[in-house]
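One structure below.
All figures in this text were calculated on a predicted structure; none of them were measured in a lab.
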Amino acid sequence: MRIIDLLKKEAIELNSSVSTKEEAVDKLISLHQKAGNLKDVNEYKKAILERENQGTTAIGEGIAVPHAKSESVKVPGLSAITLKKGIDYNAPDKKASDIIFMIAAPLDGNLHLEILSRLMVMLMEAEFCQKLRSAKNADEFLKIIDEKEKEKYPDEAENTQIKENKGYRILAVTACPTGIAHTYMAAEALEKAGERMGYPLKAETNGSGGAKNILTKKEIEECDGIIIAADKNVETARFNGKPVIKTSVSNGINKPEELIERIINKSVPIYKEENSGADFSDDETESAARKIYKHLMNGVSHMLPFVVGGGVLIALGFLIDTIAGNAAVGDTFGYTNPAASVVFWIGKAAFAFMLPILAGYIAQSVADRPGLLPGIVGGYLATTGATLSSPTGNDSAVSGFLGALFAGFVAGILVNILKKAFSWLPKSMDGIKPVFIFPLIGTLLIGVVMLAVNPVIGLLNTGLSNGLTNLGETSKILLSVVLAAMMATDMGGPFNKAAYVFGTAAIADGNTWIMAAVMIGGMIPPISIAISTMISKNKWTDEERKNGAVNYLMGLCFITEGAIPYAAADPLRVIPSCMVGSAVGGAITALFGCACPAPHGGIFVFAVVDNPLGYLLALVAGSIAGALMLTALKRNKINKKTS
């Protein structure tokens, strides 16, 4: 959804004379009401103030973006004001804020994050902000935003039609496991490279909000080739008979010209639908380890909503029971109070799907759709502890996360074996094989396999869980330091994802203190960089300083990828500094006994963290430590102007 579609003329006031933060909030809310965006003004204001109490929404450089998700929002929208004289909005750089956007988002979905991301990309350009400040009326204000949005996101604006008339020579699909940052960075890098090289390119993004800028049948038929830059499974059957490159999302970001050259030089194999799944690889550099990683990430990306939703609801059940005075009731804590019980058990229901979904989508990535049912059933059997002697389940044989991983990969492999075993069937049977034969026999086979291996994997799973639970204080601190530092090692790469998956697996076994270290380790790098660009301006270019302010928001939203451009430009100084800052934050989370039941959300889930004040201290201390080290290591820029 475009920003220009969410901002109505009646929700804009230029050169406003408000003089305090409170007046600005009231003014922006009244503009939302005027535009018809709200059902309940008081409830929405309460949501805005609750968000402000968690931390400032000022970005710096004169910009603030207050926002809230609330059931009081009737339709998603934006309101905006510019001020004659800037006001104190508690900005990180201490500068007065004179351009303020307010986001009103409904409870369902992550619209507020998508809008925040777009605004950050646009507002990081000083020239654009100055034009907004100089706008004489709402029409001009909207025109400035419209033009910038067309420039930044041509696929969703009028430029789309212009490009379609010319015809796209190359198409792309980008996707990363979380669907927040790498997905869009790869799409932008490929489109810009295509523009520079004179080959019109359109990129479909498979982000957290679903597929956007979807490739049409006509575009696919007429293009010279397709680049799939993805770390999770995407729909590929539509590309049957076309030249296709299948590579990592990081290559889409870092090697766009090289990928486009391969299409231009016709050095790309033709994709055949029957070769989909584990046997398909167009990228000659794709190793077996990367294929396994891709299949795993496909399962993790589909599992995340169940972990996030279920984990937060379970934590809210505990919170409600605590407020009701039931913290010491024992085994029924979390669902003693009637209201807590409803929230708690809904969360448990969502959480129960986590491992079956993980296994199912790993199997789907390995063997395409026929692998989905066997994978889900195998993942479910891992949660019940079913064995050959006790098909109804055995607590000691519950294989948990390890069993679900095993079930996902084995189910996919079994289905691929079945595809080859039944390849002798006549062509007329092609329609029945993927919807009946493969799922039926595959489910039976994985069921028998899981009944046989559950006792063995169950012992491993129990030993690992007990070991983590019984770790001493020193060991917890050490593990927290290592995992937090891994999150800052490659900013979304294999080390980062390994730590992240370990954290989500630990949540399933109740060791939520691990995710606390993992999340804080991912939040600190962008914030450390932002602080450094603010306190040592002579060590950064003008462009780096302008973009630095945006990293405050990216860090608070747990988007580690905001640090990537800085790490790429100066890895020997930036990466070690970020690792040290994250390690400090991880150690403090362990020292203060912090625990986080949600695997994503950043500052938005601090309310459900055990010891939120200690967690906030860990974020602040780690960010400052990283910033100070980075500032000490950086050298002064001889020429601060960028070309």
Rounded at 0.5 Å granularity, tell me how far CD1 in Ile253 sits from CE in Met185. 4.5 Å

Any donor-acceptor pair under 3.5 Å from Tyr566 side chain to Glu544 backbone: yes

If the threshold is 4.0 Å, N to carboxylate O, is there a salt bridge linking Lys192 and Glu188? yes

Could you go through Glu222 and Lys218, starting from their C-alpha distance and side-chain angles, then the distance that decides it, and tell me whether this counts as salt bridge (Lys or Arg N to Asp or Glu O under 4.0 Å)? CA-CA 6 Å; Glu222 296 178 353; Lys218 183 174 184 290; 3.1 Å; yes

Heavy-atom pair of closest approach, residues Val300 and Leu358: N-CD1, 3.7 Å

Verify side chain to side chain contact (heavy atoms under 4.5 Å, CB included) between Ile3 and Met122, making sure each step is shown before the conclusion. CA-CA 11 Å; Ile3 291 173; Met122 295 165 65; 3.7 Å; yes

Point-to-point distance, once rounded to the nearest 0.5 Å, from CG of Asn416 to NZ of Lys420: 7.0 Å

To the nearest 0.5 Å, what is the distance between CG (Leu553) and CD1 (Ile559)? 7.5 Å

Check the pair Ser532, Ile529 against side chain to side chain contact (heavy atoms under 4.5 Å, CB included), reporting the backbone distance first and the verdict last. CA-CA 5 Å; Ser532 181; Ile529 291 169; 5.7 Å; no

Cationic N near anionic O, under 4.0 Å, Arg369 to Glu235: yes

Check ion pair Glu204-Arg238 (N to O, under 4.0 angstrom): yes

Between Ser365 and the options Leu372, Leu296, Val234, Asn298, the side chain to side chain contact (heavy atoms under 4.5 Å, CB included) test singles out Asn298

With a 3.5 Å distance limit and no angle check, can you tell me whether Ser248 reaches the backbone of Asn251 through a side-chain donor-acceptor pair? yes

Run the numbers on Glu261 and Tyr199 for side chain to side chain contact (heavy atoms under 4.5 Å, CB included), then give the verdict. CA-CA 10 Å; Glu261 283 287 350; Tyr199 287 86; over 6 Å; no

Kindly indicate, with the supporting measurements, whether the criterion side chain to side chain contact (heavy atoms under 4.5 Å, CB included) is fulfilled by Cys594 and Trp513. CA-CA 6 Å; Cys594 301; Trp513 59 271; over 6 Å; no

Tell me whether Lys148 contacts the main-chain N or O of Leu123 through its side chain, where contact means a donor paired with an acceptor under 3.5 Å. no

With a 4.0 Å cut-off, would you call Glu257 and Arg196 a salt bridge? yes

Give a yes or no answer on whether the side chain of Lys242 reaches the backbone of Glu221 with a donor-acceptor pair at less than 3.5 Å. yes

Would Tyr271 and Thr236 satisfy side-chain hydrogen bond (donor to acceptor under 3.5 Å, both in side chains), going step by step from the backbone distance to the final call? CA-CA 9 Å; Tyr271 171 59; Thr236 55; 2.9 Å; yes

How far does OG1 of Thr383 sit from CG of Leu355, to the nearest 0.5 angstrom? 6.5 Å

Please determine whether a side-chain nitrogen of the Lys or Arg among Glu125 and Lys546 lies less than 4.0 Å from a carboxylate oxygen of the Asp or Glu. no

Between Tyr615 and Phe606, is the ring pair (Phe, Tyr, Trp, His ring centres under 6.0 Å) condition met? List the steps. CA-CA 8 Å; Tyr615 205 49; Phe606 271 34; 4.9 Å; yes

